[in-house]
Every structure is written in C-alpha cells, then in structure tokens.
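Here is the naming used below: chain letters follow the sequence lines, and residue numbers restart at 1 for every chain. What's counted below: heavy atoms across the whole structure, side chains too, no hydrogens, waters or symmetry copies.
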Amino acid sequence: MKYKRPRGTQDIVPPAVHIWREVEEAFKRTFEKHCYEQIRTPIFESTELFERAVGEQTDIISKEMYTFTDRGGRSLTLRPENTASVIRAYLESGMHRRGGIVRLYYIGPMFRYDRPQAGRYRQFHQVGLEAIGGASPAIDVEVIETFMITLEELGFRGLMLKLNSVGCRTCRGPYRKLLLKALDGVREVLCSDCEDRAFKNPLRVFDCKRCEGVKEKLPTILANLCKDCRAHYDAVKAALEALGRSFEEDPYLVRGLDYYTRTAFEVIHGDLGAQNALCGGGRYDDLVEQCGGPPTPAIGYSAGLERIISVLPKDSPVLREAGVPPDIYVACVDEGGMSRALKIASLLRSVAAVEADFSMRSLKTQLRSAEKSGAKIAAIVDSSSRDEILWKNLAERKQVGVPDGDILDFAKRTLAASKEDGA
RNA sequence: GUGGGCGUAGCUCAGCCUGGUAGAGCCCUGGAUUGUGGUUCCAGUUGUCACGGGUUCAAAUCCCGUCGUCCACCCCA
C-alpha cells in the first residue's frame, strides 16, 4: 500500500459512519430542543488566539499544536479546541450586541499533536456548546443536562458526573498564596513534574497521579471559595439535586485550560482506560473580556465523539442503525442490457432507492448480492427479452414479467403494498 | 518526548521458541441447476511474511535500525 493515513487519524467508513451520524443527530436534537444554534468556525485560526485564550503554560499550547506558516508569513494553527474560536466569532460577528444569552453548539474535528493512545487521536471529533452571557447557576445546570440527557438517549446509564468549583479572580489570589505556602512545605515529596507545576500552574498538582498522598495535605480551592463563588456553587448543586441528577463532588478536579472559572465538571466512564473523560467543561467568565469583548460570563463543554462511540452500551439504539438498504436491486444479465438497465434504474429512483449491479457476474451471484443488500425487489434486465423485465420479490421468491412501459406504475404499487405489510 | 507489546491473504489468526522456499477459517469467484438467491457439495484466486540492513549454505523464524499500530507515562475529548 503506497499511502497510509497520517498517524493518529482515522477513516470512518461504513458501517461505522452510520453510528457516527446517529450519535451526532442525537446531540443536535437535544441542543436544538434547548434552543442552541449551530456555529461553524474555521478549522485554523491565528496561532495567537489559542495562545492567549487557552493559556501559554498549558500542554495544549506548549507542545500539542499543529502550527504552520502560510504563504503570507502568518502563523496559523489547526484548532486544538473550539471555545476560543467560538468566542472570537461571537465578538467578530457582533453577537454580543444581541442581548440575553447566546446559545451556540458545534461539532467537528480538532487537532492535537499527542502520542496516540486508547481514546486519544491527533485528529479527533468534538461536539460541544457554549452559553454566552448567562451568569445564573441555572445555566450551568442546563448546560450539564444537555450532555447527560443525550447520553441517556444513547443508552448510557449510571454515568459519573464530577463537579468542582475553581473559583474566580477574587478568590484565586488569596488561595494561590495559601497553596504555594503549603506546596513549599511538601516540596521534598513532590514528584519532579509537580515541582515544575508548583511554579507554572499550582492548581494542576491536583491532577497528578503520582502525588496521591500529598493532596490531602494541600488546601483545596473548594474550601477557600469567596462568598459569591460559594453561593454559585451551592446553587448549582442544589439545582442538580432538585432535578434528581446525581454527581460526585471532586475538589481535586481541575481542568487543563487556563480560562476556566467557578464551575468545572467532567463525565467519566470506566471502560475508557487512562483517557476516561467523555466530556469536560466549565465556566469561563473572564474569557470574553480577555478576547477584547465586554465583561461577559459564559459556560460550555466539549465531548469526545470517538470516546463516546467506543463505549456505547451494547443495547444502544444507535447500534441498530446499519444504513438504509436499497428498495430495488437491478441485476443486469448481459452486456446488451446495460444501457436499458441504466435507464430503468434511473427511472425507478424517482420512487425508490436503487442499487444497480453492472458486474456481469452470473445471475446466481447477482441474486445472492441482492439478497445480502437487503433489497425487497430484484429487477432482472436481460437483453433477450427486449421489452420487459423480471420483477422478483426476494422474500416471496416469486417473479413476474413487467413491460418496460409499466415499470414505474408497477413499482409504485408494489412498494406501497410492501410498506403496508411491513408496517 | 519516555517505556513496553504487536506487525504473516481483503478480515480473524496459526507458524517464530528449536531457521529448510507460507497455512487455516471467513470472505470472494466459478460450477453442481446450458444464466434464478437461504443450506449443502466440488473447484479456484488470494501474500514484496511492515520496510531496510546484518548473521547463515539457507531467514516469516535469530540480531540491529526505521516506520506503523496498540497500551501506559505525560496530558486531555
């Protein structure tokens, strides 16, 4: 094989692509029921947008970007996530002047130069949404619910929702000092990575899998929230409880992107291996302002389609969708009937899905293929019977001759009849 | 970027340890029915054994390197 797909990418081929489409549709249905509208932003953006929005210290920016220089000398980057682009587009198209909450969703490929692993790809696909301009804890819950509801519709049960608050500008400052002090006290027992983190992004020490014993000795942001953040967090919890939505409070849940404030959440799944997050998100109340807009609170999340699809429950309704079989399979027996078969297939397509076989294989083989395709009818075209075709009902194993001129009417009648039988 | 497993037919894999010119099942094609499908039976096609180098009379098999893939670290969807 001369060419292979680039490392960390995937071809989504039938029949898997049908599952993908069903999952995407499920999300779209939920989003649109909640009055979120789709937004499509460019696959690449100026590198600076990501650096500024996502945070220069993050791994995504410091080592995982697909960055290139275009012919005009501009530094561009394949989007590693979509929130920055959405906020850029929100401001650039003047949506911030609409007033009220702007609800947007997206779906599409993202790119990160990581080493591929279970549930991790260089080109991967996310669905996500952003609710921009809403400060109420109720919006947080609305956003979380769109994900939980959709996954339940896909057949998931008993998902683990993890919840935390990472505070805001007011509480982060004092907390940071507190944390740094505590980190200083445990410096000797920190792993080498965490020694670095302690400087660059102290909160991320909580993410470390090796420093398990250390965490208990450190103050959590959750225990040091300012009054407003505390009230917001408590209100989110109360609203989730009122909806009967179970969750687990995780004071160690911190997220890898710098722009998060207050509510942070993740939904994890046990069968995913090390990359166990199906979805991650939270509030980013300062990002719009940081990007040059007016102060605007916002919240969003993104979910990994590969990961969701890889752990779909066995009884998921979408696993039943294997594509639409043809209604009619046109079998062409000899070269002489070819152009007539083409014409008949084309005619039939005005009322049905038609698969045409021009392989000139034996009729036996063509009928075998017809049956395998799931078609109800095989239309056999043979140049020796010049003005009629054989119309074979594959389930009943019966066939009749139909004059060319009557084919369309005949097709309409039999297909309508078989639909009634089927229903 | 670091570590480990794996790479043989379109697919799933055996063979590798103990070197001797490559196998099974599925799929596919033709036939048994001088064009009519589920099953069965008969016959047939499947390959630069990932790539490059080395050892050897001889390498799918042993050794080294490269690439790919999977898993883990890191990080995240």
### Query
Between the side chains of Thr263(A) and Asp140(A), does any donor sit under 3.5 Å from an acceptor?
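Yes, because at least one side-chain N or O of Thr263(A) sits under 3.5 Å from a partner of the opposite role on Asp140(A).
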### Query
Do His34(A) and Glu142(A) have side-chain atoms, one donor and one acceptor, less than 3.5 Å apart?
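Their side chains do not contain a donor-acceptor pair, so the 3.5 Å distance test is not met.
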Can you tell me if the side-chain N/O atoms of [X] get under 4.0 Å from OP1 or OP2 in [N]?
X: Ser362(A); N: G31(B); value: yes
X: Gln275(A); N: A77(B); value: no
X: Gln117(A); N: C73(B); value: yes
X: Arg397(A); N: U36(B); value: no
X: Thr365(A); N: C28(B); value: no

### Message
Using a 3.5 Å distance criterion without hydrogens, assess whether the side chain of Arg21(A) forms a donor-acceptor pair with backbone atoms of Ala16(A).
### Response
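Such a contact is absent between Arg21(A) side chain and Ala16(A) backbone.
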Mate of [N] where both pairing distances stay under 3.5 Å, Watson-Crick or G-U:
N: C73(B); answer: G1(B)
N: G7(B); answer: C67(B)
N: U33(B); answer: none
N: A59(B); answer: none

### Message
Say we look at C63(B) and U46(B): how far apart would their P atoms be, to the nearest angstrom?
### Response
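Here C63(B) and U46(B) have their P atoms 32 Å from each other.
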### Message
Between U39(B) and C26(B), how many Å separate the two P atoms, rounded to a whole number?
### Response
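Approximately 12 Å lies between the P atom of U39(B) and that of C26(B).
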### Message
Whole angstroms only, please: what is the CZ-C1' distance between Arg368(A) and G35(B)?
### Response
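Rounded to whole Å, this separation is 13 Å.
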#### Entry: Protein-nucleotide distance (Arg115(A), atom CZ; G4(B), atom C1'), rounded to Å
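In whole Å, G4(B) C1' and Arg115(A) CZ are 10 Å from each other.
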Side chain of [X] - closest among [options]:
X: Ser302(A); options: G37(B), A77(B), G35(B); answer: A77(B)
X: Lys364(A); options: G31(B), C27(B), A77(B); answer: G31(B)
X: Asp382(A); options: G68(B), G35(B), G37(B); answer: G35(B)
X: Arg5(A); options: G38(B), U69(B), G35(B); answer: U69(B)
X: Val333(A); options: U36(B), G35(B), A77(B); answer: G35(B)
X: Arg361(A); options: A77(B), U29(B), G68(B); answer: U29(B)

### RNA chain B contacts made by residues 39-65 of chain A, counting heavy atoms under 4.0 Å
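The answer is Asp59(A), Lys63(A), Glu64(A).
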### Message
Using heavy-atom distances to pick each residue's nearest nucleotide on RNA chain B, tell me which of Ser369(A) and Gly8(A) is more 5'.
### Response
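In this pair, the answer is Ser369(A).
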### Message
Taking the nucleotide of RNA chain B with the nearest heavy atom to each, does Arg307(A) or Arg7(A) sit closer to the 5' end?
### Response
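That would be Arg7(A).
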### Task
Determine the sole option in Phe50(A), Tyr66(A), Phe111(A) for which the side-chain contact (heavy atoms from CB on, under 4.5 Å) test with Pro80(A) is passed.
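Checked Phe50(A), Tyr66(A), Phe111(A) against Pro80(A); only one passes side-chain contact (heavy atoms from CB on, under 4.5 Å): Phe50(A).
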### Task
Tell me what Ala370(A) touches on the nucleic acid: a base, only sugar-phosphate, or nothing, going by heavy atoms under 4.0 Å.
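Ala370(A): no heavy atom of the nucleic acid under 4.0 Å.
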### Query
Looking at U36(B), does its base get a donor-acceptor pair with the side chain of Gln399(A) below 3.5 Å?
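Indeed, a donor on one side and an acceptor on the other fall under 3.5 Å apart.
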### Message
Just so I know, are the side chains of Phe27(A) and Leu129(A) near enough to count as touching, which here means a heavy-atom distance under 4.5 Å?
### Response
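No; the side chains remain at least 4.5 Å from each other.
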### Task
Using the test ring pair (Phe, Tyr, Trp, His ring centres under 6.0 Å), find all partners of Tyr106(A) that sit at least two apart in sequence or belong to another chain.
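Ring pair (Phe, Tyr, Trp, His ring centres under 6.0 Å) list for Tyr106(A), sorted by chain: empty.
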